[in-house]
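Everything on this sheet refers to the single structure shown next.
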Amino acid sequence: MKKSKETVCVHNTRDYQGANTPIFPSTSNKYIGYDDNTYPRYFNTVNQQVIVEKMCQLEGAAAGIVFSSGMAAISTTLLSLLNPGDHVLISEGIYGGTHKLIVEEFERFGILFDFVVGSNSSAFQAKLKANTKVVYTETPSNPLLTIIDLKEVAEFAKTNQLISVIDNTFATPINQRPIEFGFDVVLHSGTKYLGGHSDLCFGVMVSSHDLQQKIYKHSLSFGGSLNALDCYLIERSLKTLAVRVAKHNENTMEVAEFLSSNPSIEKVYYPGLKNHDLHEIAKTQMDGFGGMLAFTLTDDINANEFLDKLKLITPSLSLGGVESIICQPSITSHVKMPESERLKQGITDGLLRLSVGIENADDLIEDLKQALS
Ligand SMILES: *Cc1c(COP(=O)(O)O)cnc(C)c1O
């Protein structure tokens, strides 16, 4: 029976004759045979596997791996797919930690890379090299919520026999399923929406069976596995993923519309707004526009004073939790980026990134309104 995503979220993938999967914390398990033993670092305990099964159903993938952080998923995947001398195309505006991995670690491994500015395949085509093996992207991007055309980039990758990899953290599979558009590998920082309560750190990789096997082989040595107790909490979080994301979508649209109409706001970045540069593309590939938005204040409003005046929305790092939080990328996520590069990308001191929670939207708008006055 074909199940909708809300139903997939709620129902367990395996039947243990109860509403919840039992926790199997054992690290010492019966010897079965060299390749078949259960061990947490082999990513094959029941609690790890039920999460992967559910994520595969949600993303439309055949196989996957759950990791101990988003960065463990990302680094293991990229370092498994790339060899010395290989080249990777990366879209600009990716997560800061991934940017750091690429610019600070890849050279040591002899992996070459180019950053690509632009939302469609021609931008990627322009930087294609004979040794390009992987194209890596993220949409909507961080912090400016720019959009990459999934279908075009996946087709570009197929035509050139590249493996296409995407970080789908911001959208979640509830809003966007890149595999449906032809992407090969989907990654998540589960720490954000999948966990959703700001109390879990994990990552997920899903793909075809063949690519999963290729990555799995190296995962065993890189060792970024996750424990059974956290897996249990993740399975619990996933049950409410669809309802949480629906509310994030709804609230964020309302907040974006309020900010757009406020004279103290210079610009609002949200792919759900009709005046977003790439709204038309976003509409073709997203079921909802997500819980992240960014905005710039006009020059007469001081960002720090504005943040101090907020009563509900808390200045805080990370994102994707049920509570609304705000951050100033120029002094947090992008503080290490050279100022000229940061400004070139549009990350000014007055830019604020808001992770809209699932509170009452009117309360959030009231809070923003009083802090702007
Ligand atoms: C947070 C984040 C990551 C890194 O995830 P961790 O769980 O912190 O390792 C990767 N990509 C995106 C888009 C993120 O927001």
Side-chain angles (χ1 to χ4, degrees), residues 48 51 55 59 64-79 88 90-105 115 136-148 150 165-176 178 183 185-206 219 222-227 230-231 233-234 237-238 241 244-245 248 252 269 271 286 289-294 316-321 324-329 332-337 345 347 353-357:
Q48 291 167 326
I51 294 166
M55 284 304 295
E59 289 283 5
I65 306 171
V66 61
F67 292 93
S68 54
S69 72
M71 284 314 302
I74 295 166
S75 60
T76 303
T77 297
L78 287 174
L79 293 174
V88 50
I90 301 143
S91 57
E92 191 187 72
I94 52 164
Y95 176 69
T98 312
H99 189 270
K100 191 164 183 288
L101 165 75
I102 291 160
V103 300
E104 290 184 11
E105 307 288 344
F115 285 98
Y136 184 93
T137 187
E138 214 172 280
T139 178
S141 76
N142 181 23
L144 291 170
L145 290 304
T146 192
I147 299 292
I148 302 282
L150 290 178
V165 181
I166 184 166
D167 180 334
N168 203 29
T169 299
F170 270 34
T172 82
I174 305 303
N175 285 333
Q176 173 173 281
F183 264 79
V185 180
V186 176
L187 300 168
H188 281 280
S189 168
T191 314
K192 316 299 164 55
Y193 291 101
L194 303 183
H197 297 69
S198 311
D199 58 1
L200 290 165
C201 181
F202 69 103
V204 179
M205 183 290 299
V206 296
S219 309
F222 293 143
S225 60
L226 187 67
N227 66 79
D230 277 358
C231 288
L233 289 172
I234 293 164
S237 281
L238 289 177
L241 179 67
R244 281 187 284 111
V245 171
H248 283 294
T252 313
Y269 301 87
M286 301 183 83
F289 302 104
M292 298 302 299
L293 68 78
S316 184
L317 288 179
S318 198
L319 60 102
S324 295
I325 59 166
I326 192 161
C327 87
Q328 198 176 350
T332 56
S333 56
H334 291 70
V335 69
K336 294 219 176 85
M337 188 178 271
Q345 291 193 18
I347 305 164
R353 190 192 73 182
L354 184 57
S355 171
V356 181

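Atoms within each ligand, like the ligands themselves, are counted from 1 in listed order. Scope of the values below: all heavy atoms of this structure, side chains included, with no hydrogens, waters or symmetry mates. Here the structure is a predicted model, which means the values were calculated and not measured.
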For atom 3 (C) of ligand 1, which candidate among Phe170, Tyr95, Phe202 provides the closest heavy atom? Tyr95

Of all the non-hydrogen atoms in the protein, which one sits nearest to atom 15 (O) of ligand 1, and at what distance? Lys192 NZ, 2.7 Å

Is a side-chain donor or acceptor of Ser355 paired with a backbone partner of Gly320 at a separation under 3.5 angstrom? yes

Counting from 1, what ligand 1 atoms have a heavy atom of Ile74 closer than 4.0 Å? 10 (C)

Counting distance only, does the side-chain N/O of Asn168 pair as donor-acceptor with the main-chain N or O of Gln176 below 3.5 Å? yes

Answer yes or no: is there a donor N or O on one side and an acceptor on the other, between the side chain of Arg353 and the main chain of Asn142, under 3.5 Å? no

Please answer whether the main-chain N or O of Gly195 pairs with a side-chain N or O of His197 as donor and acceptor at a distance below 3.5 Å. yes

Should you measure from each heavy atom of Glu138, which atoms of ligand 1 turn up under 4.0 Å away? 13 (C)

Could a heavy atom of Leu187 be found less than 4.0 Å from some atom of ligand 1? no

Where is the nearest protein heavy atom to atom 9 (O) of ligand 1: which residue, which atom, and how far? Met71 N, 2.8 Å

What protein heavy atom is closest to atom 13 (C) of ligand 1, reported as residue, atom name and distance in Å? Asp167 OD2, 3.4 Å

Only one of Val185, Val186, Ile90 passes side-chain contact (heavy atoms from CB on, under 4.5 Å) with Val165, and that residue is Val185

Residue, atom name and distance, where the atom is the protein heavy atom closest to atom 5 (O) of ligand 1: Ser189 OG, 2.8 Å

How far is atom 7 (O) of ligand 1 from its nearest protein heavy atom, and which residue and atom is that? Thr191 OG1, 2.6 Å

Test of proximity, Leu319 against ligand 1: N or O pairs below 3.5 Å: no

Under 3.5 Å donor-acceptor, Ser324 side chain and Gly357 backbone: yes

Are side-chain N/O atoms of His334 and Gln345 paired as donor and acceptor at under 3.5 Å? no

Could you check whether any side-chain N or O of Thr169 sits under 3.5 Å from a backbone N or O of Ser189, counting only pairs where one atom can act as donor and the other as acceptor? yes

Close-contact set for ligand 1 against Ser69 heavy atoms, below 4.0 Å: 7 (O), 9 (O)

